[in-house]
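Letters go in sequence order (proteins before strands), and every chain restarts at 1.
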Amino acid sequence: MTGYDHRSVEKKWQKIWDDEKTFKTEPDAKKKKFYALVEFPYPSGQGLHVGHPRPYTALDIVSRMKRMQGYNVLYPFGWDAFGLPTENYAIKTKRHPKDVTDENIRNFKKQVKSLGISFDWDREVNTTDPSYYKWTQWIFLKLFERGLAYKKESNVNFCTSCKVVLANEEVVNGVCERCSGEVIRKVKSQWMLRITAYAQRLIDDLETVDYPERVKQQQINWIGRSSGAEISFKTSTGDSVVVYTSRPETIYGATFLVLAPEHQMVGSWLKGSVKNAEEIKNYIATTAKKSDLARTDLSREKTGIRIEGVSAVNPLTGDSMPIFIADYVLPGYASGAIMAVPAHDERDKAFALKFNISIKPVINEEKNVLINSGILDGLSIDAGKEKIISYIEEKEIGRKKINYKLRDWVFSRQRYWGEPIPIVICSKCGYVPLEESDLPLRLPDVDKYAPGPNGESPLEGIQNWVNVKCPKCGKDAKRETDTMPQWAGSSWYYLRYLDPNNDKELASRKMIDYWMPVDWYNGGMEHTTLHLLYSRFWHKFLYDIGVVNTPEPYAKRTTHGVILGENNEKMSKSRGNVVNPDDVVSEYGADTLRLYEMFVGDFEKAAPWNTNSIKGCRRFLERYWGLQDILNNNSSEESLQKEFNETVKKVTNDVLNLKFNTAIASLMTLINLIYEKGYITSEELKLFSVLLNPFAPHVTEEVWERNRLGNGMICEENWPEYKLLDSSEDKVTMVVQINGKVRDNFVCAINLPESEVLSVALNLPKVRKFLDGKELLRHIYVKNKIINLVIT
RNA sequence: GCUGAUGUGGCGGAAUAGGUAGACGCAAGGGACUUAAAAUCCCUCGGCAGCGAUGCCGUGCCGGUUCAAGUCCGGCCAUCAGCACCA
């Protein structure tokens, strides 16, 4: 037998799969469907990263196994191609972003294809294709129609480096998620999506899906539900201030109010009888200059100013309360005003100590009951909360209230390379949506893609595109020049795969009914509060308007660990620890790379790259190839039937449980046993090849064909089932412990009666030595496993 | 600070339900083959003591439950990730 030449083998089978469209999928009512999905990549100029193949291979293994088990498997792929890096690169190299994108996709596609993933390439989608973004725009129009897309002047995050506004989800540690540039606050008129309308459902429906606990928790924390009460405090000017508190039962301890410096009421008071207006104006101005990062710096000492000449009244105690403004109260959350209870809130306490305000305890911490609290005295926290809420509702000074930290999604970007927002701005009619028949609204060709210094969209300068007639009144109007964020196209792409060429609907209802929901969606942890949350939101909206048949898009979500550099640090060009998958494929082969990426460790955990370990996987495949040299159907003294059977069980279960590393280890153990035995039968080689096929699809096809192990391709074979074998003849190893410590073991027939096991154990020389002069108190017997002798 | 993870040899990592800790792989050391090297094959490989049989210790730390704890309980420590003045 000639040696294992991965180059020719892989090239050959990739061509066959391509030519014969082996993995093309159509709905089939007779088969159970299985929709496997990986996050489609952003085709950057750097090409495929060694981290990409890990999830692709993982779900490829699942898909290939499921196909062999008789499922109708959909495993599609595509390109999330709008976005800033391409645009920036295009600006730098003076090329069109579309050309750059096309080139990057070509390169990526070549690389992905070299891995032998069983994608159905006939369903490839590209978010920058007008036939695709037509439907992204269509969804936007629907959102607009239902009042879920609106334009609003607001204080937004602005990345000074990308010159673009960011969603809250895109600001990480106070800096831009993408470029780590400084983020400042800017008042701008922006398109917003009302994701907050779905906050509760986005929390509740997590119970209906199979996601890792940490993903659920992270989304729940991000949405940040808080339950409490809104209470109105009368002030000396005759106005009232509404505060939100999650601890209404502590109201008797509320000794002052704090308002965000931006609070509306402050402005109106300044027009009236405030004594220290200058001081207050200065404080407001200082606050406005601060970045979010500076403002939320926890280690900073509290600052604030008392509003002299205005005070409030505690509605329960009747006591007068001073009013302050302070930047630790945020304008964007709840009503932007709090009642401060310094005795039971650390921040309020720090503030009270600094400004010398009285601190009044209202909870006995030991007994956990309310004190100094009038009508609530003696009640538990929970009972007090209930009573005070019904009291304030009855007296009409407040009500129960639920708040969320989640903000509406800032949906405008002042950049070129994104989906144009299909809206015309008319001075008479306002924001006028395009007709569905006018979609897609294509991106115009422009000469300059760079945004203006203050974040003006590059589209603003394209007169013949911007200037249009209002679709409603026919008068002169202008197009919206903002584009959509990167996350728009990826919020619904899993639906387009179902029906990628449909120009009447985003996907036909028939296809949606057959394929949805996605059965298994794997992706990165970094998308938990971005893409994953956004797409759940869009899907719920599509469900509400009757486009899709399920309230949740993804039945099961798993996450992969990242591949780190050999030095255990994140792979990056600047660290000089980047491994190029092309080099690995060329030197060791795609099958080896696939095997290695699955064997390197727990799939859900990060793992450092190790070039030496790859050799171990390559060796394993060479040993597999070498099995062809020890084929022998005549010898049959020894059988590995039992071991093969156990491996079937192990591999099948491990693949479904994401334990690819131990599945491979069990195949390695089995091959070691085969070599110990010295030969393999055709039946055994056939079974081994089938088990290995999802992991190493090329080499197994080749061995299958060369040795005529079956008709057709191995990937079309049936997956083996675990057989219940007659085990009455089996032997087991019985472990003998004395006082819980392993002392010896012996091999005996399976299901040997307890009394016989005990007598064998007691007669073992080692055991007798330990028993010498001691008394046997009792024994614990675990069938077919262990006998523990308890002695004095 | 809050939330969620994780802590096992020189390294990556195994260990259904509490039941032989270290599977599998890498690296390392020794040997065979070879003029030599690579490749391949065989042996050793948690620590301490011992020629050895063997014994003791050992899964971040301290305690507990149990015949038996990497696994369960309580309390710490460390690392990672996300959130972070959200009232």
Distance check, C1' atoms only: B/C45 and B/C26, in whole angstrom units.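 Rounded to whole Å, the distance is 13 Å.
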Proximity to the side chain of [X] - top-ranked nucleotide from [options]:
| X | options | result |
| --- | --- | --- |
| A/R743 | B/A87, B/G55, B/C24 | B/G55 |
| A/Q737 | B/G19, B/G12, B/A87 | B/G19 |
| A/S226 | B/G12, B/G82, B/A87 | B/A87 |
| A/V329 | B/C24, B/A87, B/A15 | B/A87 |
| A/W222 | B/U20, B/A84, B/C85 | B/A84 |
| A/N788 | B/A87, B/G19, B/U20 | B/G19 |
| A/T669 | B/C67, B/C24, B/U20 | B/C24 |

Reckon [X] touches a base, only the sugar-phosphate, or nothing at all at heavy-atom distances under 4.0 Å?
| X | answer |
| --- | --- |
| A/Q217 | sugar-phosphate |
| A/D348 | nothing |
| A/V782 | base |
| A/K741 | sugar-phosphate |
| A/F770 | sugar-phosphate |
| A/A326 | nothing |
| A/T733 | base |

If you compare every side-chain N and O of [X] against the phosphate oxygens of [N] (OP1, OP2), does one of them come in below 4.0 Å?
| X | N | result |
| --- | --- | --- |
| A/K216 | B/G4 | no |
| A/R619 | B/C26 | yes |
| A/T662 | B/A23 | no |
| A/R623 | B/C24 | no |
| A/N612 | B/G12 | no |
| A/N661 | B/A14 | yes |
| A/Y333 | B/A87 | yes |
| A/R618 | B/C26 | no |
| A/R214 | B/A5 | no |

Would the A/F351 and A/F355 ring centres measure less than 6.0 Å apart? yes
A/W487 ring center within less than 6.0 Å of A/F537 ring center: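 Centroid distance A/F537-A/W487: not below 6.0 Å, so no.
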Which whole-number value in Å describes the distance from [X] [atom1] to [N] [atom2]?
| X | N | atom1 | atom2 | answer |
| --- | --- | --- | --- | --- |
| A/Y624 | B/G25 | OH | P | 18 Å |
| A/K570 | B/A81 | NZ | C1' | 13 Å |
| A/I251 | B/A87 | CD1 | P | 17 Å |
| A/K785 | B/A15 | NZ | P | 14 Å |
| A/H344 | B/C85 | NE2 | P | 23 Å |
| A/L533 | B/C83 | CG | P | 13 Å |
| A/I338 | B/A87 | CD1 | P | 11 Å |
| A/Y328 | B/C85 | OH | P | 13 Å |

NZ or CZ of A/R623 within 45° of A/Y675 ring axis and under 6.0 Å: yes
What I want to check is whether an N or O donor and acceptor connect the side chain of A/K302 with the base of B/C85 at under 3.5 Å. yes
Could you check whether the side chain of A/E346 and the base of B/G1 have a donor-acceptor pair of N or O atoms closer than 3.5 Å, going by distance alone?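 No pair found.
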Any non-hydrogen side-chain atom of A/H6 less than 4.5 Å from a side-chain atom of A/T592? no
Nearest-nucleotide comparison on RNA chain B, the residue closer to the 5′ end among A/K649 and A/G740: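 The residue mapped nearer the 5' terminus is A/K649.
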5′-ward residue of the pair A/D345/A/A607 relative to RNA chain B: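 Nearest-nucleotide comparison on RNA chain B picks A/A607.
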Where does B/G9 fall, syn or anti, if syn means a chi angle no more than 90° from 0?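 Base orientation: syn.
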Using the ring of each side chain (for Trp, its six-membered ring), is A/Y534 parallel, tilted or perpendicular to A/W409, with breaks at 30° and 60°?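 It falls in the parallel class, under 30°.
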For the residue pair A/F324 and A/F256, does the interplanar ring angle fall in the parallel (under 30°), tilted (30 to 60°) or perpendicular (over 60°) class?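 If you compare the ring of A/F324 with that of A/F256, the planes turn out perpendicular.
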Intermediate values then yes/no, ring-ring contact (aromatic ring centres under 6.0 Å, His included), A/Y596 and A/W609: CA-CA 10 Å; A/Y596 170 69; A/W609 185 261; 4.9 Å; yes
First locate atom NZ of A/K605, then atom CG of A/N661, and finally report the distance between them rounded to the nearest 0.5 Å. 9.5 Å
Which of these, A/T528, A/T558, A/T529, sits in a side-chain contact (heavy atoms from CB on, under 4.5 Å) with A/V215?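 Going through the options one by one, the only one that passes is A/T528.
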Can A/R557 and A/E39 be said to form a salt bridge (charged side-chain N to carboxylate O under 4.0 Å, His left out), step by step? CA-CA 11 Å; A/R557 168 81 174 185; A/E39 286 173 346; 2.9 Å; yes
Are there runs of at least three consecutive Watson-Crick or G-U pairs touching RNA chain B, with each pair's two distances under 3.5 angstrom? Give them by first number.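 The stems that RNA chain B takes part in, listed by first number, are B:1-7 with B:77-83, B:10-12 with B:24-26, B:28-32 with B:40-44, B:46-49 with B:54-57, B:60-64 with B:72-76.
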